[in-house]
Structures are given as C-alpha cells and as structure tokens.
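Only one structure is covered here, and it is reproduced in the block below.
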2 protein chains.
Amino acid sequence: MVIKQYSGAPEDADLTRADSLAREIFSDIANKWAFLIIELLDDRTLRFSELRREVEGISHKMLTQNLRMLERYGLVERCVHPTVPPRVEYTLTEPGRALRETVSGMCDWTHQYLGHIEAARRRFDG
Amino acid sequence: MVIKQYSGAPEDADLTRADSLAREIFSDIANKWAFLIIELLDDRTLRFSELRREVEGISHKMLTQNLRMLERYGLVERCVHPTVPPRVEYTLTEPGRALRETVSGMCDWTHQYLGHIEAARRRFDG
DNA sequence: CAGTATCCTGGCCGATACTG
DNA sequence: CAGTATCGGCCAGGATACTG
C-alpha cells in the first residue's frame, strides 16, 4: 500500500486526515538516525549513554530529539528510575519491534547488495 | 544484521571499508524522498515529469538529486530517448525492486499502526 | 547521568533563470 | 521536457553551558 497523496477532491475528505498523518509519520521515521536507533535497540534495554555510545556519530542533541520523536509515536518506551544519578532506559514497544522487522530488512539488503552498489557507483563515477 | 560501526581495532582493517560503505549507503538511502520515489516507481516506468507530479511536495531539485543518487547506486535505471523534446524514463533495477520490498513493508506498517501511533501521540502531547 | 536551553554556522533546499 | 547553475533564506544540527 502506497503512502497516498491528497488529491484535493472533496470526496477524499475522510481520507485526507489519515493520509496526511500517514505521510507525516512516514516522513519523520524514514531517517537514518531513527532507523539506526531502532536497529541497535533491537530487543534490548539500553540507557541513554549506552545508545549514545552504540549509535556511532550521533550527537547528544540528535539522540534526544529522535528518542522523543520515537516515544511520542509510541515506538519506544522510556523508563525512568528515580535514583541518583538518574537511570533512564529505553525499549522498543510492540509497534517498534514490528517496524524493526523492516528496518532489519533494509540492513540485510544493504549488505547483500554491497557489491552491486559499489560496482554501480564506480561505473557511474568513472 | 546490524549496520556495523568501526571499532577502531587494527584487526578490523578489512571490515572497515565495507562497513563505512554500508553505513554511507544506508545513510543516503534512508530518507523520505528516496523511499517515496522507490515506492511510487514500483514496477512502472515513469518520466521525470510524472514522478514530479506523483511524489507530492517534492521540488524539482530534490527529485533530480535523489534520482541521481539512486542511479549512482544502481537502484534506478535512466533511459534517455533521443527525441525532441527529450523523453527520459526511470525504472527500478533488480536491487531497487529488492529494496522496494522493505519500503513497502514500511508503508504497510504505517497504515497498520496508524491508530496506535495517533493514540500514542495524543497521550504524549496531552 | 539524563536532559534542556542557547548560540551559531554550514549546508539543505526552494526559487529562478538559462541551455539543449 | 529534462537538466544544470546560481543565489539566498532558513533551519538542521553541533558545541557548549547549565539544572536536577
């Protein structure tokens, strides 16, 4: 099923809200940081600092932003332990784990076609 | 399989090139425009202007850039007809169609969990 | 340790104009 | 029609400092 576009036709009034929401979610989640977080989180429970370490190259700010976004959409559960110093753990929810299936698929795809892609790129560049 | 990170260990020297390439490809392709193009292209053959019309909200420039990127990685084939006016058609290659499977999976996921997501968001915002 | 807030800059991206 | 080039505004996102 395609991420439908709003046709502007009046009879699509009902579809519009759902579609624009779908498009919004899709646009937000289809970004490399969200994908890497979901893939690395896997079925583990990780602290903020652990994620920061494992998702190479991500900045403190980007990690926070993406975790908030994922939490807002209910893909990630945030568990705060009232200790000193604070301990905050993140886990994928059921929808998050479902999405992880497709993210993993993309990781597999990347490794599977690495050769093709590298060759194509060399051909294109040269 | 995870998009591996470079550990910096000397014995990873061989892995490094492949991994950084994988990461680069992953980062480039995991963006909404590339996904929407791949999804809409499906198994069809579309002209530049048709894509422009179907991928709602994409600018001329973004479409060009993403098509070049996808062509460079060998996910899209570009066929130029030497006519006046020019006619350029785009099709998914086999690697492109393979990736489309996972992109479609994400589209399905989006629609399937739309309710969950909307509810989670309302809960989070309120 | 986890998170927020502020500042600032590079580059993303839209708009526009121009070629073949 | 398809594509490149250029300019410019604006914001993504890094660095830093500060709270609980």
Side-chain angles (χ1 to χ4, degrees), chain A residues 5 23-38 40-41 44-73 75-92 123-125, chain B residues 5-6 23-38 40-41 44-73 75-92 124-125:
Chain A
Q5 314 297 333
R23 175 64 171 271
E24 185 186 339
I25 294 163
F26 189 89
S27 296
D28 281 350
I29 294 177
N31 87 69
K32 59 174 178 180
W33 292 130
F35 272 31
L36 285 171
I37 290 170
I38 288 169
L40 282 169
L41 208 46
R44 301 183 289 173
T45 294
L46 293 179
R47 306 180 59 171
F48 183 88
S49 51
E50 291 169 337
L51 277 167
R52 177 102 162 81
R53 218 171 302 123
E54 297 218 20
V55 184
E56 170 151 341
I58 197 169
S59 70
H60 185 103
K61 187 178 181 177
M62 278 302 96
L63 182 55
T64 309
Q65 278 185 10
N66 277 276
L67 284 173
R68 285 298 159 278
M69 185 264 288
L70 293 173
E71 186 193 358
R72 190 167 104 102
Y73 286 148
L75 305 198
V76 152
E77 189 178 6
R78 180 168 174 269
C79 176
V80 183
H81 299 264
T83 59
V84 177
R87 176 182 194 85
V88 181
E89 294 178 329
Y90 293 91
T91 326
L92 288 184
R123 216 176 308 124
F124 185 94
D125 289 344
Chain B
Q5 313 297 334
Y6 176 42
R23 176 62 173 271
E24 187 186 339
I25 294 163
F26 189 89
S27 296
D28 280 350
I29 294 177
N31 86 70
K32 60 174 175 175
W33 293 131
F35 272 33
L36 285 171
I37 290 170
I38 289 169
L40 283 169
L41 208 45
R44 299 183 291 173
T45 294
L46 293 180
R47 304 180 60 170
F48 183 87
S49 50
E50 291 168 338
L51 277 167
R52 178 99 161 82
R53 219 171 302 125
E54 297 219 19
V55 184
E56 170 151 342
I58 197 169
S59 69
H60 185 103
K61 187 177 181 177
M62 277 303 95
L63 181 56
T64 309
Q65 278 185 12
N66 278 275
L67 284 173
R68 285 297 158 278
M69 185 263 288
L70 293 173
E71 187 192 356
R72 191 167 105 101
Y73 286 147
L75 304 198
V76 152
E77 190 180 4
R78 181 170 175 268
C79 176
V80 182
H81 299 265
T83 59
V84 178
R87 176 183 192 85
V88 182
E89 295 179 330
Y90 294 91
T91 325
L92 287 184
F124 185 93
D125 289 342

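Sequence lines set the chain letters: A, B, ... in the order given, protein chains first and strands last, and positions in each chain run from 1.
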By nearest nucleotide on DNA chain C, pick out whichever of A/Arg53 and A/Thr64 is the more 5' one.
-> A/Arg53
Under 4.0 Å between a side-chain N or O of A/Arg78 and OP1 or OP2 of C/dA2?
-> no
Expected string for nucleotides 9-20 of chain D under the B/S/- scheme (protein heavy atoms, under 4.0 Å, primed atoms plus P, OP1, OP2 as sugar-phosphate) is ----BB-----B
If you measure from CD on B/Gln65 to CD1 on B/Ile58, what distance do you get to the nearest 0.5 Å?
-> 9.5 Å
Under a 4.5 Å cut-off applied to non-hydrogen side-chain atoms, are A/Val76 and A/Met69 in contact?
-> no
Distance in angstrom units between B/Leu67 CG and D/dC1 P, rounded = 17 Å
Under 4.0 angstrom, heavy atoms only, what part of the nucleic acid is A/Arg52 near: base, sugar-phosphate, or nothing?
-> nothing
Return the value, rounded to whole Å, for the distance between atom CG of A/Leu51 and atom P of C/dA2.
-> 9 Å
Rounded to whole Å, CG of B/Asn66 lies from P of C/dC12 at a distance of 12 Å
Is the shortest side-chain N/O distance from A/Tyr90 to OP1 or OP2 of C/dC1 below 4.0 Å?
-> no
Out of D/dG3, C/dG3, D/dC1, which nucleotide sits closest to the side chain of B/Ser49?
-> D/dC1
Roughly, in whole Å, what's the span from CD in A/Glu71 to C1' in C/dG3?
-> 12 Å
Looking at CZ of B/Arg52 and NE2 of B/His60, how far apart are the two atoms once the value is rounded to the nearest 0.5 Å?
-> 7.0 Å
Test salt bridge (charged side-chain N to carboxylate O under 4.0 Å, His left out) applied to B/Arg53 and B/Glu50, step by step = CA-CA 5 Å; B/Arg53 219 171 302 125; B/Glu50 291 168 338; 5.6 Å; no
What is the distance from atom CD of B/Glu24 to atom CD1 of B/Ile29, rounded to the nearest 0.5 Å?
-> 10.0 Å
Looking only at side-chain N and O atoms, does B/Arg47 come under 4.0 Å of OP1 or OP2 in D/dA2?
-> yes
Measuring from B/Leu92:CG to B/Glu77:CD, what's the distance to the nearest 0.5 Å?
-> 10.5 Å
Do B/Leu63 and B/Ile37 come within less than 4.5 Å of each other through their side chains, counting heavy atoms only?
-> yes
Validation row: A/Leu67, A/Phe48 side chains within 4.5 angstrom (heavy atoms) = yes
Axis-to-axis angle for the helix from C/dC1-D/dG20 to C/dG20-D/dC1, ends of five pairs each, to 10°, equals 40°
Kindly indicate whether the side chain of A/Arg68, heavy atoms from C-beta on, has any atom under 4.5 Å from the side chain of A/Arg78.
-> yes
